[in-house]
K.L.:
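Below is a structure I'd like to ask you about.
In what follows, every chain begins at residue 1, and chains take the letters A, B, ... in the order their sequences are listed.
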Amino acid sequence: MKPQAPRFDAFDADACREIAQDLANHEGPLLPILHALQDRFGYIDQAALPVIADVLNLSRAEVHGVVTFYHDFRSRPPGRHVVKICRAEACQALGAQKLFDEVAAASAENGAVTVEAVYCLGNCALSPAALIDGDLHGRLDTTRTLDLVAGR
Amino acid sequence: MTTKIYVPCDAASLSMGAEAVADAIRESGADVAVTRTGTRGLLWLEPLLEIEISGRRVGFGPVTPDDVPGILTRGEAHPLCLGPVEDIPYLKSQQRLTFQRCGVIDPVSLDDYKAHGGLKGLTHAVAMAPQAIVEEVTESGLRGRGGAGFPTGIKWNTVLKAKAPQKYIVCNADEGDSGTFADRILMEGDPFLLIEGMAIAGRAVGATRGYIYLRSEYPHAFRTLSRAIETARAAGVLGDDVLGSGVAFDMEVRLGAGAYICGEETSLLESLEGRRGQVRFKPPLPAVEGLFNKPTVINNVLSLAAVPTILAEGAAYYRDFGTGRSRGTLPIQLGGNVKRGGLIERAFGLSLREIVEDYGGGTLTGQPVHAVQVGGPLGAYWPTALFDTPLDYEAFAARGGMVGHGGVVVFDDTVDMAQQARFAFEFCAIESCGKCTPCRIGSTRGAETMDRVIAGDGEAVNLVRDLCGVMQDGSLCALGGLTHMPVLSALDNFPDHFPNQFPGAARDAAE
């Protein structure tokens, strides 16, 4: 099964404003807006901040503060493949640190692969675990992880 | 005759290839009807296929796509056959209340849910006075399953008594503790139970809106919950007229964004409101001024999911499970380096040894068990010498630990406890919300000081102990306030892992 590489649109301020306006009437709309933007563009472009601030009547600093607080929101576009490897205790008990280091090293030169640490994917009985392009995998080792990323 | 087959579709079984197994069944061309279910929680057996044979569901696992044709032709003679699933000792010995339907039903079928006793609690609740519902929950002895163990009925009573034009029910589904996955299994395996529990809570305290704050690391749960909420709304379980009672209650799922601290209830509320997830001062309690400063019930998934059983079967039924002041059942989650990891729902009082050895079967690597961490990243590390400790709130607190959300993570004898202690600080540094200086700065200094300890500087141990005290006393919430627990338990229970721990003694001996 070849992982589906996420496809993101290039950032577009008008589309950004539209997304923000669509969600602005929800209670506490900022996180839903940021998620929608990241789903569409893969990251939160700096140019999105004043647009969101304008739509929600917040200061740009407030929006910046929220974006940077949360680990999920990226400030740069990710590679074609995103690998989120669990580094928490249950996965550590079966070598997650080594897995993370090796996959990160093997992918360091490869701009198409973004490796991120996460702290628990809730797959603790089938460690080590990782989300590869949104699909959860368990009982991973370095070779298997790299194979999955490469679509093998 | 068409054979009924059940294939799980929760995240854990999918992570082991359940989708490919389902594909293989479809491609086999056999005369079968496949139902996708949640997981039974016997996770080492995933993907666990179940085939209905003579009226019983017979299990096969762990199954690969290549095994499928053989299983379909040979049936119970196949070497992967486990016999009737409900007779597997791991499951048979459990007391499934909250998780009775997980792995059994199609999670997004409301008819299936009703056919298995669902909505009985809510049906009772809409006919009861709000005060009577709160009393029933108080009577049951239910305590918050998120970690702190606060009596749920007392919290509800505060919200019921509060006067406000709008009240909220917030479900804390930010299950961030490593080693815990019970919330996920429930939300992916029986989402209507949580919806029902929240609707009962709404009826009990007079709240008409609910939010499930779900961690973004659970994309499968998000999809299942969203579908279930839509179905419930279409069927009149949610909406302006809950089950024809004339009372309104509706809800939605909101995604977190990868911040562990948002499992802390006041941070969670900040995050729901669209701000940085920074801890609030208490008082005011969320029950008085919570979401958007309105009275708010904020409960963990498992607390809310326990409520329908209490309303359906009565407070006494629930209270009769458990021990001392820990009533009802505790879903224990066994993970890490363990042979048979999974979900174990039992009345309180099981010992660590029974969990790790009898259920878990020792380590996956085959090495001796050396330590377990109970209660997530802020829980204590336990040595095998303390394995007779029963898992209940009071017994654990008395020995310097906590049950927390019921996660048990097993380590074999290759674990380096000094590194684990260091990681506790590192994790706190990564996840600190930054509000309290002892947590924000202390966590980084703690990791640095642990590096000195690891390098052999025994006197730095005293600094670490001091720092733990400062963080404990000077932090508003459990992140800074409990980081001492993994650190000090590692130091105290595993002194061999810390070089030159008693520098005074070493110096005296040298002189």
K.L.:
For residues 412-420 of chain B, give me every residue with a non-hydrogen atom less than 4.5 Å from any non-hydrogen atom of chain A.
P.N.:
B:Gln420
K.L.:
Based on non-hydrogen pairs under 4.5 Å, which of A:Gly65, A:Ser127, A:Cys86, A:Ala117 is most in contact with chain B?
P.N.:
A:Gly65
K.L.:
Do the side chains of A:Arg87 and B:Glu426 get close enough for a salt bridge, i.e. N-O under 4.0 angstrom?
P.N.:
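A salt bridge links A:Arg87 with B:Glu426.
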K.L.:
May I ask you to name which of B:Arg340, B:Arg209, B:Met16, B:Gln333 has the most heavy-atom pairs under 4.5 Å with chain A?
P.N.:
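Counting heavy-atom pairs under 4.5 Å, the top option is B:Met16.
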K.L.:
Using distance alone, with no hydrogens and no angle criterion, decide if B:Ser271 and A:Tyr70 have a side-chain donor and acceptor under 3.5 Å apart.
P.N.:
yes
K.L.:
Looking at every heavy atom in both A:Gly122 and B:Phe181, which two are closest together, and how far apart are they?
P.N.:
O-CB, 3.2 Å
K.L.:
B:Pro219, B:Ala221, B:Ala11: which one forms the most heavy-atom pairs within less than 4.5 Å of chain A?
P.N.:
B:Ala11
K.L.:
Counting N and O atoms only, with roles assigned by atom type, does the side chain of B:Arg254 sit under 3.5 Å from a partner on the main chain of A:Gly28, one being a donor and the other an acceptor?
P.N.:
yes
K.L.:
Are B:Phe427 and A:Tyr119 an aromatic pair by the rule of ring centers under 6.0 Å?
P.N.:
yes
K.L.:
Is it the case that more than 12 heavy atoms not belonging to A:Gln21 sit under 6.0 Å from its CD atom?
P.N.:
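Above 12, so yes.
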K.L.:
Given side chain to side chain contact (heavy atoms under 4.5 Å, CB included), test A:Glu89 with B:Tyr381 step by step and report yes or no.
P.N.:
CA-CA 11 Å; A:Glu89 286 87 345; B:Tyr381 285 100; 3.8 Å; yes
K.L.:
With a 4.5 angstrom heavy-atom cut-off, could you sort out which part of B:Tyr260 is near chain A: side chain, backbone, both or neither?
P.N.:
neither
K.L.:
Shortest non-hydrogen contact from A:Leu31 to B:Leu255?
P.N.:
CD2-O, 3.9 Å
K.L.:
Go through it in stages, so that I can follow the logic: the residues are A:Gln97 and B:Phe423, the test is side chain to side chain contact (heavy atoms under 4.5 Å, CB included), and I'd like the CA-CA distance, side-chain angles, deciding distance and then a yes or no.
P.N.:
CA-CA 11 Å; A:Gln97 188 55 49; B:Phe423 178 77; 5.9 Å; no
K.L.:
Heavy atoms only, distances under 4.5 angstrom: which of B:Gly407, B:Gly342, B:Gly256 has the most pairs with chain A? Name it, please.
P.N.:
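That would be B:Gly256.
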K.L.:
Which one, B:Gly274, B:Ala257, B:Gly336, leads in non-hydrogen pairs under 4.5 Å with chain A?
P.N.:
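So the answer, after comparing B:Gly274, B:Ala257, B:Gly336, is B:Ala257.
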K.L.:
Chain A heavy atoms under 4.5 Å from B:Ile261: which part of the residue, side chain, backbone, both or neither?
P.N.:
side chain
K.L.:
Is B:Glu217 salt-bridged to A:Lys84, cutoff N-O under 4.0 Å?
P.N.:
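The answer is no: the pair does not qualify as a salt bridge.
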K.L.:
Could you tell me which portion of B:Leu364 (side chain, backbone, both or neither) has an atom closer than 4.5 angstrom to a non-hydrogen atom of chain A?
P.N.:
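Only the side chain of B:Leu364 comes within 4.5 Å of chain A.
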K.L.:
If we define contacts as heavy-atom pairs under 4.5 Å, which of B:Asn337, B:Thr363, B:Leu43, B:Leu343 has the most with chain A?
P.N.:
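Winner by heavy-atom pair count: B:Asn337.
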K.L.:
Please walk me through it: do B:Glu252 and A:His26 pass side chain to side chain contact (heavy atoms under 4.5 Å, CB included)?
P.N.:
CA-CA 11 Å; B:Glu252 64 180 279; A:His26 285 61; 4.0 Å; yes
K.L.:
Is there a donor-acceptor contact under 3.5 Å linking the side chains of A:His71 and B:Glu431?
P.N.:
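Note: A:His71 and B:Glu431 side chains meet the donor-acceptor criterion.
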K.L.:
Just wondering, do A:Cys120 and B:Arg215 contact through their side chains at under 4.5 Å, heavy atoms?
P.N.:
yes
K.L.:
Please classify the contact between B:Glu188 and chain A as side chain, backbone, both or neither, with a heavy-atom cut-off of under 4.5 Å.
P.N.:
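Contact with chain A is absent: no heavy atom of B:Glu188 under 4.5 Å.
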K.L.:
Under a 4.5 Å heavy-atom cutoff, which of A:Ile33, A:Val67, A:Leu58, A:Leu126 has the most pairs with chain B?
P.N.:
A:Leu126
K.L.:
Could you tell me which portion of B:Glu175 (side chain, backbone, both or neither) has an atom closer than 4.5 angstrom to a non-hydrogen atom of chain A?
P.N.:
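Neither the backbone nor the side chain of B:Glu175 comes within 4.5 Å of chain A.
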K.L.:
For chain B, which candidate among A:Val118, A:Asn123, A:Leu30 shows the most heavy-atom pairs at distances under 4.5 Å?
P.N.:
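Ranked by contacts with chain B, first place is A:Asn123.
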K.L.:
What part of B:Cys433 is in contact with chain A, defined as an atom under 4.5 angstrom from a non-hydrogen atom: side chain, backbone, both or neither?
P.N.:
both
K.L.:
I'd like to know which of B:Gly179, B:Gly277, B:Pro486, B:Gly434 tops the heavy-atom pair count under 4.5 Å against chain A.
P.N.:
B:Gly277
K.L.:
So A:Glu27 and B:Tyr168, do their side chains get closer than 4.5 Å, heavy atoms only?
P.N.:
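Heavy-atom side-chain distance check passes, below 4.5 Å.
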K.L.:
Kindly give the heavy-atom pair with the smallest separation between B:Val338 and A:Arg139, and that separation in Å.
P.N.:
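Of all heavy-atom pairs spanning B:Val338 and A:Arg139, the closest is O-NH2, 4.2 Å.
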K.L.:
Tell me, yes or no, whether the heavy-atom count around A:Asp9 atom CG, taken from other residues, nucleotides or ligands under 6.0 Å, exceeds 12.
P.N.:
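Count over threshold, so yes.
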K.L.:
Would A:Gln92 and B:Val409 satisfy side chain to side chain contact (heavy atoms under 4.5 Å, CB included), going step by step from the backbone distance to the final call?
P.N.:
CA-CA 10 Å; A:Gln92 285 172 14; B:Val409 174; over 6 Å; no
K.L.:
Would you check if B:Leu14 and A:Asp135 make a side-chain contact, meaning some heavy-atom pair closer than 4.5 Å?
P.N.:
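Side-chain contact under 4.5 Å: no.
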K.L.:
When you measure from the side chain of B:Ser178 to the backbone of A:Ala90, do you find a donor-acceptor pair of N or O atoms at a distance under 3.5 Å?
P.N.:
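Side chain of B:Ser178 to backbone of A:Ala90, a donor-acceptor pair under 3.5 Å: yes, one is there.
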